[in-house]
Trainee: 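Below is a structure I'd like to ask you about.
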Amino acid sequence: MKKCTRCNVVFYLNERLRCLYCDTRLITTDTDDPAKLRKNVVQADRLEGEHPFVRWLLKDRGIERHGRMQFMIGSYFRVRTFKFMYNFSRNEMRMNKDFKRILIQPLSIMSFLTIPWVIWNFIDSMAIRFLYNAHCERCNWKYKKYVSGQKHQRDECEYCLEYSALMEDVLNGRIIQTEPRFKRQAYRKVTAGKKSAYHDLFALKSQVDSFLDVTSIWFSLLILLFLGVLLFFPVAIKMIFQMQSQDYLFIMFPNMMM
């Protein structure tokens, strides 16, 4: 087992090298004292019963509701690209019978730097309500009834169940205990030719996504610059003409301007 000396949290997966909360390098911990180990481990049974450390972590960064969820998910999977966060928000919208909000990705100050994603956000937020027109009681996810028939396809339902369980454990801090189990299950599913949410989420890291993020930011800045010029250019031209008119009058009628 590994321990973070900064957060005082023990991780059950020996392959993990850094803390998922603060990115500090982990050290091997002594497991001879079970009582001491239990005392130092972040534990929680439900999302509503978050461990005090998790609450402190989120409060310390001033993160609320959806933003804090994205922060925790991004910290665990070590990826915070726009595409990854958008896909997480989209899957969250599919959870439960009703839609939680109007837009898939809530707007924020960062929306000014992600204009292409904002446009897609509006389009996809309308489309998702028509595409996912049925609800599965077993996994509690919405699905495409006209594609799956009357019932939710079993493989997709199992995938949704794994995704929900993984997200819940990451958000309540229990992932440090259940991480080895998710990894074993993912290995068995991939070996059997099935899809695994755990495997797919870790496989989403891509240099292309990082490049698209940079491109999106530069494109957004150019759009803002263009709108700024379009808005202030007529005002600037008017001010210049006024200044030139005053200079002309001063030259032609110097006595009148005194």
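Along the sequence shown, residues carry numbers from 1.
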Trainee: Should His152 and Cys160 count as side-chain neighbours, where that means a heavy-atom distance under 4.5 Å?
Mentor: yes
Trainee: Taking Glu156 first and then Lys142, would you say they form a salt bridge - that is, a charged N and a carboxylate O separated by under 4.0 Å?
Mentor: no
Trainee: Does any part of the side chain of Asp155, heavy atoms only, come nearer than 4.5 Å to the side chain of Tyr159, both counted from C-beta?
Mentor: no
Trainee: How many angstroms lie between CZ in Arg181 and CG in Asp169, if you round to the nearest 0.5 Å?
Mentor: 6.5 Å
Trainee: Do Trp120 and Val118 land in one hydrophobic cluster if side-chain heavy atoms of ILVMFWY residues count as linked below 4.5 Å?
Mentor: no
Trainee: Does the side chain of Phe88 reach to within under 4.5 Å of the side chain of Tyr163, using non-hydrogen atoms?
Mentor: yes
Trainee: Not counting sequence neighbours, which residues clear ring-ring contact (aromatic ring centres under 6.0 Å, His included) with Tyr132? List them please.
Mentor: none
Trainee: What closest approach, in Å, do Ser220 and Thr114 show between heavy atoms, and which atom pair accounts for it?
Mentor: OG-N, 3.5 Å
Trainee: side-chain hydrogen bond (donor to acceptor under 3.5 Å, both in side chains) with Arg80: which residues, sequence neighbours excluded?
Mentor: Ser75
Trainee: Side chains of Phe84 and Leu201: does their closest heavy-atom pair fall under 4.5 Å?
Mentor: yes
Trainee: Taking the side chain as C-beta and beyond, is there a heavy-atom pair between Asn96 and Trp141 under 4.5 Å?
Mentor: no
Trainee: Out of curiosity, Cys136 SG to Lys145 NZ, how far, rounded to the nearest 0.5 Å?
Mentor: 12.0 Å
Trainee: Kindly give the heavy-atom pair with the smallest separation between Phe112 and Leu224, and that separation in Å.
Mentor: O-CD1, 3.6 Å
Trainee: Taking only residues two or more places apart in sequence, or in another chain, which ones meet Met93 in a side-chain contact (heavy atoms from CB on, under 4.5 Å)?
Mentor: Phe99, Arg101, Ile104, Ile128, Arg129
Trainee: Do any side-chain atoms of residues 211-218 form donor-acceptor pairs under 3.5 angstrom with protein atoms, and if so which ones, sequence neighbours left out?
Mentor:
residue: Asp213; atom: OD1; partner: Phe82; partner atom: N; Å: 3.3
residue: Asp213; atom: OD2; partner: Phe82; partner atom: N; Å: 3.2
residue: Thr215; atom: OG1; partner: Phe211; partner atom: O; Å: 2.9

Trainee: Between atom NZ of Lys144 and atom CD of Gln153, what is the distance when rounded to the nearest 0.5 Å?
Mentor: 10.5 Å
Trainee: Examine distances only and state if a side-chain atom of Asn121 and a backbone atom of Trp117 form a donor-acceptor pair shorter than 3.5 Å.
Mentor: no
Trainee: So for atom CG, which belongs to Leu231, do other residues, nucleotides or ligands contribute more than 12 heavy atoms lying within a distance under 6.0 Å?
Mentor: yes
Trainee: Applying a strict under-4.5 Å side-chain criterion to I, L, V, M, F, W and Y, I'd like to know whether Ile223 and Leu230 cluster together.
Mentor: yes
Trainee: Any non-hydrogen side-chain atom of Glu179 less than 4.5 Å from a side-chain atom of Tyr198?
Mentor: yes
Trainee: Please answer: with hydrophobic residues joined when any side-chain heavy atoms are less than 4.5 Å apart, are Phe226 and Ile115 in the same cluster?
Mentor: yes
Trainee: Looking at Lys195, Lys189, Lys183, Lys194, which one forms a salt bridge (charged side-chain N to carboxylate O under 4.0 Å, His left out) with Glu162?
Mentor: Lys189
Trainee: Can you name the residues that form a salt bridge (Lys or Arg N to Asp or Glu O under 4.0 Å) with Arg138, not counting sequence neighbours?
Mentor: Glu158
Trainee: Under the salt bridge (Lys or Arg N to Asp or Glu O under 4.0 Å) rule, what pairs show up with a residue in residues 114-128, not counting sequence neighbours?
Mentor: Arg90-Asp124
Trainee: State yes or no: do Phe122 and Leu227 share one hydrophobic cluster built from I, L, V, M, F, W and Y residues joined by side-chain heavy-atom distances below 4.5 Å, directly or via other members?
Mentor: no
Trainee: Would you confirm whether Ser89, through its side chain, and Met85, through its main-chain N or O, come within 3.5 Å as a donor-acceptor pair?
Mentor: yes
Trainee: Quick check: does any side chain N or O of Ser164 sit under 3.5 Å from a backbone N or O of Leu161, one acting as donor and the other as acceptor?
Mentor: no
Trainee: Under a 3.5 Å distance rule, please check whether Ser125 uses its side chain to pair with a backbone N or O of Leu103 as donor and acceptor.
Mentor: no
Trainee: Going by heavy atoms in the side chains, are Asn140 and His135 under 4.5 Å from each other?
Mentor: yes
Trainee: Looking just at side-chain N and O atoms, do Tyr143 and Asn133 make a donor-acceptor pair shorter than 3.5 Å?
Mentor: no
